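We count ligands from 1, going down the list as the structure has it; atoms in each ligand are counted the same way. All heavy atoms count here, side chains included; hydrogens, waters and symmetry mates do not. If you're wondering where the values come from, they're calculated on a predicted model, not measured in any experiment.
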Amino acid sequence: MEIDFRKTKFAALAASIKQCPEADMPEVVLSGRSNVGKSSLINALADNKKLARVSQTPGKTRAVVFFEVDGKLRIADLPGYGYAKVSKEKKAEFSSLADSYFTSGREFDLVLHLMDIRRDPSKEDVAMLEYMNSNSIRYFVVFTKADKFSKEGMRRRVEELKDIYNFDENADVFAVSSDKKLGIQELREAIAQVLF
Ligand SMILES: Nc1nc2c(ncn2[C@@H]2O[C@H](COP(=O)(O)OP(=O)(O)OP(=O)(O)O)[C@@H](O)[C@H]2O)c(=O)[nH]1
Ligand SMILES: [Mg+2]
């Protein structure tokens with residue numbers, strides 16, 4: 001099915017699982033640590049810089065933010081985890097909202113798990129990958145900020161990371177740059193293929 005990602009609009013903001021819209025269409029979930037580039041990726045996919053809030057101050061996305069793409073699918077932008085400068089209470093609140101998204105029984109179709117291509121695995125990343133592997137959750141690994149490497153450097157880094165992480169053998173691995181629009185079209189097509 002053709003999906004026009006440029007037709008993406010804000011759909012809902014949920015500060016708790018109860019506030020999430022009814023799961024009545026295919027849903028893609030973005031997970032990953034704070035500042036990894038989740039909101040930026042949504043903007044890149046939609047080709048609209050004003051859609052999702054991007055900030056220099058990590059920890060901006062404090063609720064689950066839903067976007068609707070072309071009336072055909074939903075994207076859920078989860079609060080990022082692991083940002084050190086928010087209080088312990090805030091941290092627990094963000095991550096419990098992200099956790100409860102997964103444990104609530106809400107139906108979703110695909111997780112895009114984002115990780116900064118320059119960084120080594122955090123314990124939250126490892127835990128998330130293990131969680132998805134053991135629950136047979138379909139996911140893509142999306143390495144962000146690929147513009148920080150040359151093309152060859154990026155290829156080598158992705159190989160290195162594949163050795164470091166324990167990815168599901170069926171998981172697709174992408175390297176993208178929201179800034180330079182690298183790998184964005186491939187990701188759009190891969191999402192559409194999994195969902196429809
Ligand atoms: N160089 C580079 N910087 C990026 C890219 N994508 C995002 N950034 C920067 O990374 C920072 C965080 O981006 P966000 O999209 O707000 O990250 P987030 O994952 O939504 O963060 P939270 O909402 O805190 O969970 C911003 O300063 C972005 O400009 C990219 O592709 N390349
Ligand atoms: Mg965000």
- Report yes or no: does Ser34 have an N/O/S atom closer than 2.8 Å to the Mg ion (ligand 2)? no

- Task: With heavy atoms under 4.0 Å as the rule, classify the contact between Lys180 and ligand 1 as side chain, backbone, both or neither.
- Result: neither

- Name all pairs fulfilling the salt bridge (charged side-chain N to carboxylate O under 4.0 Å, His left out) condition that reach into residues 10-19, sequence neighbours left out, sorted by first residue then second. none

- Residue Lys148 vicinity, atoms of ligand 1 by number, heavy atom under 4.0 Å: 1 (N)

- Task: Would you please indicate yes or no on a ring centroid separation below 6.0 angstrom for Phe108 and Phe102?
- Result: yes

- Can the ring centres of Phe10 and Phe66 be said to be less than 6.0 Å apart? no

- Query: Any N or O of Lys145 that comes nearer than 3.5 Å to an N or O of ligand 1?
  - Reply: yes

- Message: Below 3.5 Å, N or O to N or O, backbone or side chain included: is there any such pair between Ser39 and ligand 1?
- Response: yes

- Crowded around Glu152 CD? As in, over 12 foreign heavy atoms under 6.0 Å? yes

- Of Leu114, Asp179, Leu78, the residue with the heavy atom nearest atom 3 (N) of ligand 1 is Asp179

- Worked check of side chain to side chain donor-acceptor pair (under 3.5 Å) between Thr8 and Asn48: CA-CA 8 Å; Thr8 300; Asn48 178 355; over 6 Å; no

- Message: Any nitrogen or oxygen of Gly37 lying under 3.5 Å from a nitrogen or oxygen in ligand 1? Just yes or no.
- Response: yes

- Counting from 1, what ligand 1 atoms have a heavy atom of Asp147 closer than 4.0 Å? 1 (N), 2 (C), 30 (C), 31 (O), 32 (N)

- Task: Report yes or no: does Val36 have a heavy atom closer than 4.0 Å to ligand 1?
- Result: yes

- Verify same cluster id: Leu112, Leu195 (apolar side-chain graph, 4.5 Å): yes

- Kindly write out the residues that satisfy side-chain hydrogen bond (donor to acceptor under 3.5 Å, both in side chains) with Arg157, not counting sequence neighbours, or none if the list is empty. Asp120, Glu160

- Message: Can you name the atoms of ligand 1, numbered from 1 with element, that are less than 4.0 Å from a heavy atom of Gly80?
- Response: 25 (O)

